[in-house]
Structure formats: C-alpha cells, structure tokens
Amino acid sequence: MNGEYSLDTTEGMAASGDPPTNNAVDDYDAEEALERQREEENKIKIKLKSFEGGVYECGLTAAKMSVMVANMLDALQETDLTKIATREPIPLQNDAVTNKALEKIVEWVDHHWDDPPIDPDFDDEKERRNEELSHWDKQFIDIADQGELFDIIAAANFMDIKGLVEVGAKHICNKIKGKSCTEVREMLKIHNDFTPEEEAAIHKENEWIYAKD
Amino acid sequence: MKRRRGVRQKSVGDDSLRSDYNLRSNSCKRVKRDLKSGDHSLASGGNQLMNSQNCEDLSQRNVSTISQTSVTHKTTKMPNKSYNLRRRVTRSGSRGGRHVTEPLSLVTIDDLPDDCLLDIFERLDTIEDKCALQRVNKRFYSLVNRLLVAQKSFTVGSTFGPNNEQMLTQRICRTIISKCPNLQTFKMPGFYTKTSINSFDERIGDKEMYVLGKKCKDLKELDICGCGNVTEKGINFIAEICPKLEKLSISFCLQVSGASLQKLTKNFRTLSINTNDMTP
C-alpha cells in the first residue's frame, strides 16, 4: 500500500511536465516525497487497545514502527487512510501489553517515528550494538518498577518494535555488567533453582573467576 | 477502477483482519506456552509462590494492600496450571478492581521470552559476565550456553590502548576455549598494561596452543600478539592441526624465529602473518 502510494506521487510529478533530470535528483525528490507522506500519515491517529482494555491514540507512521501493527493494517487493504482513524481500536492480545506498558510504548514510538530506518547495507550491526543510548532513551527506560520495565520489553517484542527492544536490552545489559551471580539474582529477583550439587559443578567449571580475588 | 476495487475489498478486509487478530492471539499464546513449559521453567508452584512473596517483601510498597485472599487464591490455582498463569492471575486481580491504584508487580525477567533474553545476554562481551550469568539459574545457564557454543569470535586481553583492560590469563583463555568450541576468530593480544598479572607463569604459552588446536578445529584467524611464551612449537602445532587457518598475527612473539616462519609459509597458501618487527 505504502509503495503504491509513493509510486503514484513520483509518477504524477513526472507527468506534470518536469524535464527528466539525473538520478540523484530523482532519488532526492522521491525521498522527500516519502518523508512528506510519512509526516502526513502521522497526523492520522489510530487507536490501540491494551490487554487490560485501555485505549491509546497514536500516529499512523509511529504505530507502523510495530511490524505487527503494520501487518494488521496491511491486512485491511484500506486505500483511504483517513478511514483507518475511524475504525475500532486495534486489540493487542498479549498479557504483557498492559495499560502502563502500552502508554510508554506509544510515548516511545511518538518520539521516534521519524527515525531513519535501519539500512542493513550501511549500518554496521556491531557498531549499532555498541552505540550508547541517547539521553532521551535513557530517561525513558530508567523505570524503577522492574515489572513495568519487563512488561514494556516483552510487549515491544510481541509488537515487534526492534528499536525499543534494543533500548531495553541495552539498559538491562548495562545493569548486569560486572556483577556477580548473587548480585544479579538479587537485582532481578530471580530464584535460584540449582541443586547444591549442580551449583558445585558449575562452580568448579568457572573456578578461575574466584581464584582471581 | 482502482478505487472501486478498494471499496469492494474493504468488507473482505474487515473479516480477514478479524480472523488475523484471532490467529495472532492464538498462535502467540501457543508460542508463549511452549517457551514457558521448557525444562528451565520453575517446576513447582511452591517455588513460584515463594518467589512472588520475596518480590512482595522486596518491593516494599503496597505491602498493606496485599490481600491475603489473592495469595491463597494463587496457591490453590498454581500447581496444576501452566507457568504463565501466574501473570494472568495477578492481572485479572487488578482488572477486577481489587487493586485499582497499583497492581502488584510480580513480573520478573523470567517472564521475557527466550529471544529477548538472548538479545540481552549477547551484549555482554566479557567471559566473566557470561559465566556469572550462567550461575544465576537453570534457564540462564542453558541460554548462555547456547550463546557460547554458537559464538564465532572472541577478543580478550589488552592491546596498548589504555581503555582495554581485560586481563588475559591462562585460566580465562582455557575457559573460553572449553566453552566455545566453534570459534573461528580468536584474538588475544597479550600485552600487559596492568602490573597485576606480571607473573610469567600466568601468561599464554604453548600449552594453551595445544588445547586450542585440539578444541577449535574451525579456527580461521588467530591473534596472539605479545604472547611472549608461545614458541615455534605451539605455532607449528596450531598451523598443522587447524586446516582452515588463514590469518595469524604473531607480532612481538619473541620466541618465534624466522626459520619457523619459513616452514609455515610452505604449508599454507592464504596464511598472512603479521609480524611487525622484533622477531630475530
């Protein structure tokens, strides 16, 4: 649907009597048209419904950052985008999508909707991995309530929003770094389900860590 | 023409969307159950209850609003139902309006699906962190193990850069070798900027080369710059036993002589050896 639309605009521009220019300019024009279209689309608000029943409004382009929501909207095969806004809210059927989580997710996609898409040809996966979180993301993800944090990550994973999952993963990774296993267990409130024998075996396996101290 | 088609399909699209919703929610539930019912999930309901009570104690908020009824409710329901119902029960409690202000948070990192956790663990690049995670619980152990076995490249040790202070000892080296059998790239520049492991015996030597050669047959790239204890014997052994070896960096390996390098070049066509200088 998306592609069709952008194709139409470029065709229209070519037909309106512009002399054929070189490819670079064409590319630039197409890019700009796409950007304008995204911006236009984001003014259309659609509704998302959480598992608990709360309904949240979100720009169309922003909502499409979730691959799942984008697929659902594609399934509608709606040519008139403004009609999407009048539809009943899209239900998100996973118990991780609580009211709070969805509220935060909508906040995140509304802030990030105009991010440039990840280009696998140019963006180095490793570099992106090591990149520090932006200031806004750091403040966004610094949530005292761990349950809420994990809800957001699980919900983002369910809705297939790569960027947000990455933000959460980086945040937790930074917390875990350099901690011992008991510290990790305490911090994340994890129950130790090893039997003493198993624990001893693993301890032996990793003996060198403790020999250092 | 186009528009008409669009209108006609609208009603069809409606139905397909709805069925899509159902399909999605069903499949998602199924996947979730599959994930949770793996061998690493908490086996007994008693454990879960204990766990959740710990959370309650630790969270230090809402303590007064914990209703006894909801806890006992859980104990009766827990043992015969699947793992993810724990969340369901608490959620329904909050939806029912008993804890309207703030639902009790019982969601832990264990509620995340496997691929999320793998995504997190992958970002920890030191072997120490990974080993610490392995000891947390069974699920973590199997997940981290999966990562380590799949790991293709590892970099430890320190170059001359001031920020890279991971220490490389025989033990770390051997642990990595024993845990990651599928290594293809192993970089362990052995320059020591820290004085803490200056003892000569702790450094990488020929023995590590033997272990490495026996364990990691797929090795393509090896960097042992500055590992002064490695001699020609170790290098030759690696070169012989790893047929895929393409790149070998042995700058500042002071015990490797030019004569042995000549031997190496005869064996390999695509072997590039990066010796800056200093080799006698």
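Quick note on labels: first sequence line is chain A, next is B, and so on, each numbered from 1.
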> With a 4.5 Å limit on heavy-atom distance, are the side chains of A/Ile190 and B/Ile109 in contact?
Replying inline: yes
> Would one find more than 12 heavy atoms of other residues, nucleotides or ligands at under 6.0 Å from atom NZ of A/Lys49?
Replying inline: no
> For the atom pair CG (B/Asp111) and CG (A/Asp151), what is the distance rounded to the nearest 0.5 Å?
Replying inline: 8.0 Å
> Just wondering, more than 12 heavy atoms not from B/Lys152 lying within 6.0 Å of its NZ?
Replying inline: no
> Looking at A/Val165, A/Leu92, A/Ile153, which has the largest count of heavy-atom pairs under 4.5 Å with chain B?
Replying inline: A/Ile153
>> Show the nearest heavy-atom pair for residues A/Asn157 and B/Pro113, with the distance to one decimal.
In response: ND2-CG, 3.2 Å
> What distance do A/Ile202 atom CD1 and B/Lys138 atom NZ have between them, rounded to the nearest 0.5 Å?
Replying inline: 9.5 Å
> Looking only at heavy atoms, what is the nearest atom pair of B/Val136 and A/Cys181, with distance?
Replying inline: CG2-O, 3.9 Å
> Where the side chain of A/Arg185 meets the backbone of B/Arg135, is there a donor-acceptor pair that is under 3.5 Å apart?
Replying inline: yes
> Roughly how far, to the nearest 0.5 Å, is the CZ atom of B/Arg123 from the CD1 atom of A/Ile172?
Replying inline: 10.5 Å
>> Testing the basics here: between B/Ala132 and A/Lys179, what is the closest heavy-atom pair and its distance to 0.1 Å?
In response: CB-O, 3.6 Å
>> Please give me the minimum heavy-atom distance between A/Lys177 and B/Leu124, naming the atom from each residue.
In response: CG-CD2, 3.9 Å
> Is it the backbone or the side chain of A/Lys170 that comes under 4.5 Å from a heavy atom of chain B, or both, or neither?
Replying inline: both
>> Between B/Leu133 and chain A, with a heavy-atom cut-off of 4.5 Å, which part of the residue counts as in contact: side chain, backbone, both or neither?
In response: side chain
>> Does any backbone or side-chain atom of A/Glu198 lie under 4.5 Å from a heavy atom of chain B? Answer side chain, backbone, both or neither.
In response: side chain
>> Measuring from atom CZ of B/Phe140 to atom CG of A/Asp193, what distance do you get when rounded to the nearest 0.5 angstrom?
In response: 10.0 Å
>> Is the shortest side-chain heavy-atom distance between A/His191 and B/Asn137 below 4.5 Å?
In response: no
